[in-house]
Amino acid sequence: MNQGTMLNAYPDSIGNNMSGMLQFLTKSEMKDVFHSLYILPTVFNTDLDRGFSVISYDLCPSLATIENLHALRDMHIDLTFDFILNHLSVLSPQFQDILRNGDQSPYRDFFIDWNRFWKNCGEPSEDGVIHPGNEYFLAANLRKVGLPVLKVRLPDGRDVPYWNTFYQEVIYPELTVFDVLDLTDHFYDIAQALTKSVNAQLRQGCRPENMDFSGFETYREAVVNLLEERRRYLGQMDLNVQSPMVWKWYDQTLAKLAEYGASMVRLDAFTRLHKAQGRENFMNEPETWNILDRLKTMAISHGLEVLPEIHASYRTGAFQKLHRLGCPVYDYFLPALILDALETGDASFLYSWAEEIRRNGIQTVNMLGCHDGIPIRDPRGLLPDERVDALVGRLEERGGRRKMIHGTNPEVYQMDMTYYSALGCSDRKLAMARAIQMFMPGKPQVWYVDLLAGENDEEVFIHNPSCDNREINRHSYSTEEVEKQLRLPVVQEQLELLRMRNTHRAFADGAEVKVKMPADGILEFSWTKDDAWAFLHADLRSMVFRIDSSHP
């Protein structure tokens, strides 16, 4: 894995599409700043969850073209894409085939029929869904309240629940008077009044079974059935990793990403792939690691490296298992460690992690912020719980919004906010945080909002109060906004740090890294490669750092 700096962004984060991103990367200010670009999955044909609900891995024509990707290649910028392993969109060709053909679909086992999976673990409840007992379904690590299912109607009229870990939407199209005319024996005035009442309730978000049919009781059953027959869905439908067809599709997708010019793929949500009765169904062991080993081998056959996404606390030791498998560790510990160190002036926990990476030769991809907010569960066990809890309180005071894991043990999973806002919008702290990141062992990943010193985007909730809280950290910058932010001293300082990290010979592959904590609140890093060297002295109490280096 190349150790050069990596920009992380959506294809429309800057200037509306990848053409705007290319213009940004070719600006004189950006010369030699980035070696890699990690493009988030709206670059593909997607719907929900800002790209993580994939319909197909074809490029989204309004956001990116193959010519854009070739231009990045010609700039010697290598590419990282997401491969969303756990699920595909309801709108995918595979699931649409199930909706058309039901049990006759060749993709019947491509996804997970919830009731078939939990057969013999309980009887269907009034909602038609099996609610397995605690001895079968360990309801921990749930990403939403309630059972992870989406019920869909098949051609034979059955409502069948499918496993749906993440997001979903159920849409009931509004009726026209002609849709219900036959139901009212062609009494137009009744059909008109009934249509008006039903549509008004649909606009208020009322589901058919809960609608008020006062004055129209005779037509209730027929209208509810009509609405249910017409309902449409969006959702991220979990894949059946036991299906050979799924593995064939994995191989085809990896081949496609390689054709796009990827050098690395981020394996999204793979820890939820293996599912079994009586298991937690999050990072089941040893099956999760067996799956990862198989995926890694498959990726290598296409010339790809893998970057597994694992959100698990330090105390689980999951990062050590990744390292033993020869995979890089996505360093979700570093964001909170740096925030804690800068707030308390205590460098000891940050030093401990840096030294563990160095001593054990752990490959990492590190970050400050990212598209998913600031990880909170991950650093527990590395950073004392009371320090993590205190950090959560500070971040809430600075506008952070909690994201929770649901189930038997609800907990704060991450804080949704920008890293600059998490630092109290302090330029000195942002520069210090970036300097430390540049000297940490590993490949530095840089979220575009952090680079541009972006504050919490509260306006997004004025325009769309129901939007995902993570949008607070996903502002899309116009060309004019980018020009303004690039003039900020803290942005220029970050660019210089990134350029040094990306070009100085001391940071070349195979460099020797040393970490010291000569006094309380003081961290020192040195990188040496042949006759090239670079040194960082960071005083977390005075918020002053110094960099010395040989000639580049």
Side-chain angles (χ1 to χ4, degrees), residues 1 3 38 80 82-87 138 140-143 165 238-239 241-242 246-247 250 254 264-276 278-301 304-337 349-350 352-367 370 372 375-385 388 405 407 409 411 413-414 440-445 513:
M1 179 178 64
Q3 300 294 300
Y38 163 24
T80 295
D82 275 289
F83 187 13
I84 295 90
L85 295 158
N86 181 69
H87 46 264
L138 308 182
N141 284 298
L142 298 181
R143 291 301 299 270
T165 294
D238 287 35
L239 301 180
V241 77
Q242 306 300 333
V246 167
W247 282 95
Y250 284 164
L254 287 168
M264 179 183 287
V265 288
R266 176 182 176 271
L267 303 181
D268 179 79
F270 86 95
T271 52
R272 296 181 180 274
L273 269 174
H274 186 267
K275 298 175 172 69
R279 307 287 290 280
E280 188 169 332
N281 296 323
F282 171 75
M283 212 161 66
N284 289 345
E285 299 185 278
E287 296 88 353
T288 293
W289 310 115
N290 295 337
I291 289 170
L292 176 57
D293 196 41
R294 184 176 176 184
L295 286 165
K296 179 187 172 189
T297 300
M298 187 177 285
I300 289 172
S301 73
L304 297 168
E305 293 183 88
V306 296
L307 176 59
E309 182 213 20
I310 293 187
H311 275 294
S313 72
Y314 174 88
R315 58 173 60 101
T316 67
F319 73 96
Q320 295 168 330
K321 294 166 185 173
L322 279 180
H323 174 54
R324 287 196 290 269
L325 279 171
C327 295
V329 173
Y330 217 159
D331 191 354
Y332 288 118
F333 310 126
L334 188 63
L337 287 171
F349 298 107
L350 179 55
S352 176
W353 174 233
E355 181 61 13
E356 183 172 359
I357 295 172
R358 187 204 65 78
R359 184 176 62 251
N360 295 316
I362 300 172
Q363 288 190 83
T364 66
V365 173
N366 60 45
M367 70 195 77
C370 67
D372 260 347
I376 294 299
R377 179 169 66 172
D378 303 73
R380 291 187 183 274
L382 181 55
L383 192 62
D385 284 346
V388 177
I405 282 289
N409 298 301
E411 61 175 313
Y413 177 68
Q414 66 190 37
M440 281 289 294
K443 182 178 181 68
Q445 175 182 299
V513 184

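Hydrogens, waters and symmetry mates play no part in the numbers below; they use all other heavy atoms, side chains included. Along the sequence shown, the residues carry numbers beginning at 1.
Put simply, the side chain of Leu322 reaches to within 4.5 Å of the side chain of Trp289, judged on heavy atoms. Contact of the Phe349 side chain with the Leu382 side chain is not registered, since no non-hydrogen atoms from C-beta on lie closer than 4.5 Å. The shortest side-chain heavy-atom distance between Phe270 and Phe83 does not fall under the 4.5 Å cut-off. Side-chain contact between Tyr413 and Arg143 is present, with heavy atoms from C-beta onward closer than 4.5 Å. Residues Val306 and Cys327 form a side-chain contact, since some pair of their non-hydrogen atoms from C-beta on lies under 4.5 Å apart. Inter-residue side-chain proximity for Gln363 and Val329 is flagged as unmet; no heavy-atom pair is nearer than 4.5 Å. You'll find the side chain of Tyr38 stays beyond 4.5 Å of the side chain of Leu307, heavy atoms only. In this structure, Leu304 and Leu254 have side chains that are in contact, with non-hydrogen atoms separated by less than 4.5 Å.
For the atom pair Leu142 CG and Glu280 CD, the distance stands at 9.0 Å (nearest 0.5 Å). Residue Asn86 holds its CG atom at 7.5 Å from CZ of Arg272, rounded to the nearest 0.5 Å. Rounded to the nearest 0.5 angstrom, Leu325 CG and Leu295 CG are separated by 11.0 Å. Atom CD1 of residue Ile376 and atom CD of residue Gln414 lie 8.5 Å apart, to the nearest 0.5 angstrom.
Looking at Tyr250, its side chain does come within 3.5 Å of a backbone N or O of Leu85 through a donor-acceptor pair. Looking only at distances, no side-chain donor or acceptor of Gln445 sits under 3.5 Å from a matching main-chain atom of Val365. The closest donor-acceptor contact from the side chain of Arg294 to the backbone of Trp247 lies at 3.5 Å or more, if one exists at all. Counting only distance, with no hydrogens or angles, the side chain of Asn284 and the backbone of Asn281 share a donor-acceptor pair below 3.5 Å. When atom types are taken as modelled, the side chain of His323 and the backbone of Asn360 share a donor-acceptor pair closer than 3.5 angstrom.
Salt-bridge annotation for Lys296 and Glu305: absent, with no side-chain N of the basic residue lying under 4.0 Å from a carboxylate O of the acidic one. Ion pairing between a basic and an acidic side chain is recognised when a charged N comes within 4.0 Å of a carboxylate O; Asp378 and Arg380 show no such pairing. Salt-bridge check for Asp331 with Lys443: failed, with every basic side-chain N at 4.0 Å or more from each acidic carboxylate O.
Taking each heavy atom of Thr316 and Lys321 in turn, the nearest pair found is O-NZ, 4.2 Å. When all heavy atoms of Ile362 and Glu356 are compared, the pair lying nearest together is CD1-O, 4.1 Å. For the pair Gly381 and Asp385, the tightest heavy-atom approach, listed with the atom from each and the gap, is N-OD1, 4.5 Å. When all heavy atoms of Ile357 and Met440 are compared, the pair lying nearest together is CD1-CE, 3.9 Å. Here the shortest heavy-atom pairing between Leu292 and Pro308 reads CD1-CG, 3.8 Å. Between Val513 and Pro441, the shortest heavy-atom contact is CG1-CG, 4.1 Å.
Each of His274, Glu285, Glu287 was checked for a side chain to side chain donor-acceptor pair (under 3.5 Å) with Arg279, and the lone residue meeting it is Glu287. Among Val241, Asp238, Val246, the one residue that satisfies the side-chain contact (heavy atoms from CB on, under 4.5 Å) test with Leu273 is Val241.
Remark: aromatic rings of Tyr330 and Phe319 are distant, center separation not under 6.0 Å.
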Criterion side chain to side chain contact (heavy atoms under 4.5 Å, CB included) on Ile310 and Tyr332, from CA distance to verdict
CA-CA 8 Å; Ile310 293 187; Tyr332 288 118; 5.9 Å; no
Determine, stepwise, if the pair Glu355 / Leu350 fulfils side chain to side chain contact (heavy atoms under 4.5 Å, CB included).
CA-CA 9 Å; Glu355 181 61 13; Leu350 179 55; over 6 Å; no
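Seen from the ring of Phe282, Arg377 counts as a face-on cation partner, given the 6.0 Å and 45° thresholds.
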